[in-house]
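To keep things clear, I will list the structure first and then write my remarks on it.
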Amino acid sequence: MRRTLAVTIAAALLVGGAVAGTGHAKARRVKVERHDSAGYVGAKGSAGAEPTIYVDEGIFETERYERDVSVTVIDRTGQAVAGLVRQDADGDGTWEIEEAFCGATAEPVAIEGGAPVVVKVQPGPCADGTPAVMTSGSIRVAFTGFTKAPAVPAPSLGCAPTKAAREITEKYVLASGAGAATEAYPVGFFELADDEAIGGAQFVAGCGEGRLEVTLTDQTGLPTRAAIAVDPDGVGGDAPQDFVAEVCGTTESPVAITPGAEVTIFVVEGPCSDGTPATATTGTVTATLTAPAK
């Protein structure tokens, strides 16, 4: 079973406060937005033949406090994709919720928290007749709800710089092309699946790690282009990320990063920005983390 990366963002929106004239306070609640994603692959076959669909839906578990979901589907062609948001809220085998969309939901779809949500993508035009296509790409969802405010964490006591370098290696694959796996996902749409990082690598730097070196090794032997993004707050999802460097095969020198930050390395198809021939088919991303510069 594929394991998609799910990141929870706790927004700084507290509901409630002092109740006038009572001296009491309402329960503190916080709005939570959680992002998740899944890849899909379809429309593979000879011209005129019925296409074989490899992955045409994403199944997303939900938390009990979640009340709605927004969906965006990004196809590698850049065109709209027809889809359905479905939920069997009571587990009786029927879809109590079934909403059609074209490319993205126009507004959040109300759901029952605690039951899985299924997002199905399909070839052909949208229900309203809008031209659409399904090749391969990414299903991105955002769940929202309200839950109890988390406890305020204790102040950090700090930590010593790391003494030894730490190396992380992840794989990337491309949906089509030389050496591509039968059920691969496209480079450029980031997702974690089992022990593979599809489209790049993602990890959290230790509190004593402040420098990063990256090497990409493609099976073609050509350099591979990538972008390094750092989320200093470590909240992931659609929170702002700082793109700190571009890589063409390997970093020329260590890249400074924020200790404890979430780091994402996005593999990119095509030549490097300086025109150097580069490609991304199947290969590995190797990240080496060391102590901050003195």
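What you are looking at is a predicted structure, and each value in this text was computed from that prediction instead of being measured.
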**Request:** Dump the intermediate steps for side chain to side chain contact (heavy atoms under 4.5 Å, CB included) on V32 and Y65, then the final yes or no.
**Result:** CA-CA 9 Å; V32 175; Y65 60 79; 3.8 Å; yes

**Message:** Out of the candidates T284, T169, T251, T250, only one should pair with T215 under the side chain to side chain contact (heavy atoms under 4.5 Å, CB included) rule; please name it.
**Reply:** T250

**Request:** Please determine which of T279, V247, V268 meets the side chain to side chain contact (heavy atoms under 4.5 Å, CB included) test together with R225.
**Result:** V268

When rounded to the nearest 0.5 angstrom, what is the spacing between [atom1] in [X] and [atom2] in [Y]?
{"X": "I265", "Y": "I168", "atom1": "CD1", "atom2": "CD1", "value": "8.0 Å"}
{"X": "L84", "Y": "E99", "atom1": "CG", "atom2": "CD", "value": "9.5 Å"}
{"X": "D56", "Y": "I139", "atom1": "CG", "atom2": "CD1", "value": "8.5 Å"}
{"X": "C248", "Y": "D274", "atom1": "SG", "atom2": "CG", "value": "5.5 Å"}
{"X": "R166", "Y": "F203", "atom1": "CZ", "atom2": "CZ", "value": "7.5 Å"}

Within-4.5 Å side-chain heavy-atom neighbours: [X] and [Y]:
{"X": "T217", "Y": "T286", "answer": "no"}
{"X": "V119", "Y": "V141", "answer": "yes"}
{"X": "L289", "Y": "E213", "answer": "no"}
{"X": "V109", "Y": "D68", "answer": "no"}
{"X": "W95", "Y": "V118", "answer": "yes"}
{"X": "S70", "Y": "P108", "answer": "yes"}

**Item:** side chain to side chain contact (heavy atoms under 4.5 Å, CB included) assessment of R140 paired with I74
**Value:** CA-CA 8 Å; R140 302 181 183 182; I74 302 176; 3.6 Å; yes

**Prompt:** Which one of E98, E96, E57 satisfies the salt bridge (Lys or Arg N to Asp or Glu O under 4.0 Å) criterion with R86?
**Reply:** E98

Is a donor on one side and an acceptor on the other found under 3.5 Å between the side chain of [X] and the backbone of [Y]?
{"X": "T264", "Y": "A229", "result": "no"}
{"X": "T72", "Y": "A104", "result": "no"}
{"X": "E262", "Y": "Q202", "result": "no"}
{"X": "T62", "Y": "G114", "result": "yes"}
{"X": "E209", "Y": "P292", "result": "no"}
{"X": "D242", "Y": "V244", "result": "no"}
{"X": "D75", "Y": "T135", "result": "yes"}
{"X": "D88", "Y": "G93", "result": "yes"}

Looking only at heavy atoms, which two atoms of [X] and [Y] are closest? And how far apart?
{"X": "A82", "Y": "A132", "value": "N-CB, 4.0 Å"}
{"X": "G200", "Y": "V267", "value": "CA-CG2, 3.8 Å"}
{"X": "L222", "Y": "D218", "value": "O-CB, 3.8 Å"}
{"X": "Y40", "Y": "S138", "value": "CE2-N, 3.4 Å"}
{"X": "G260", "Y": "V204", "value": "O-CG1, 3.6 Å"}
{"X": "E61", "Y": "R34", "value": "O-NH2, 2.9 Å"}

**Asked** How far apart are the C-alpha atoms of R67 and F143, what are their side-chain angles, what is the distance that settles it, and do they pass the side chain to side chain contact (heavy atoms under 4.5 Å, CB included) test?
**Response** CA-CA 7 Å; R67 292 294 175 263; F143 296 96; over 6 Å; no

**Request:** Tell me, yes or no, whether the heavy-atom count around E246 atom CD, taken from other residues, nucleotides or ligands under 6.0 Å, exceeds 12.
**Result:** yes

**Request:** Just do the side chain to side chain contact (heavy atoms under 4.5 Å, CB included) check on F243 and I228 with the steps written out, would you?
**Result:** CA-CA 6 Å; F243 283 87; I228 302 174; over 6 Å; no

**Prompt:** Y172 and side-chain hydrogen bond (donor to acceptor under 3.5 Å, both in side chains): which partner among T281, T282, T224?
**Reply:** T224

**Common cluster, V133/V81, ILVMFWY with side-chain heavy-atom separation under 4.5 Å** = no

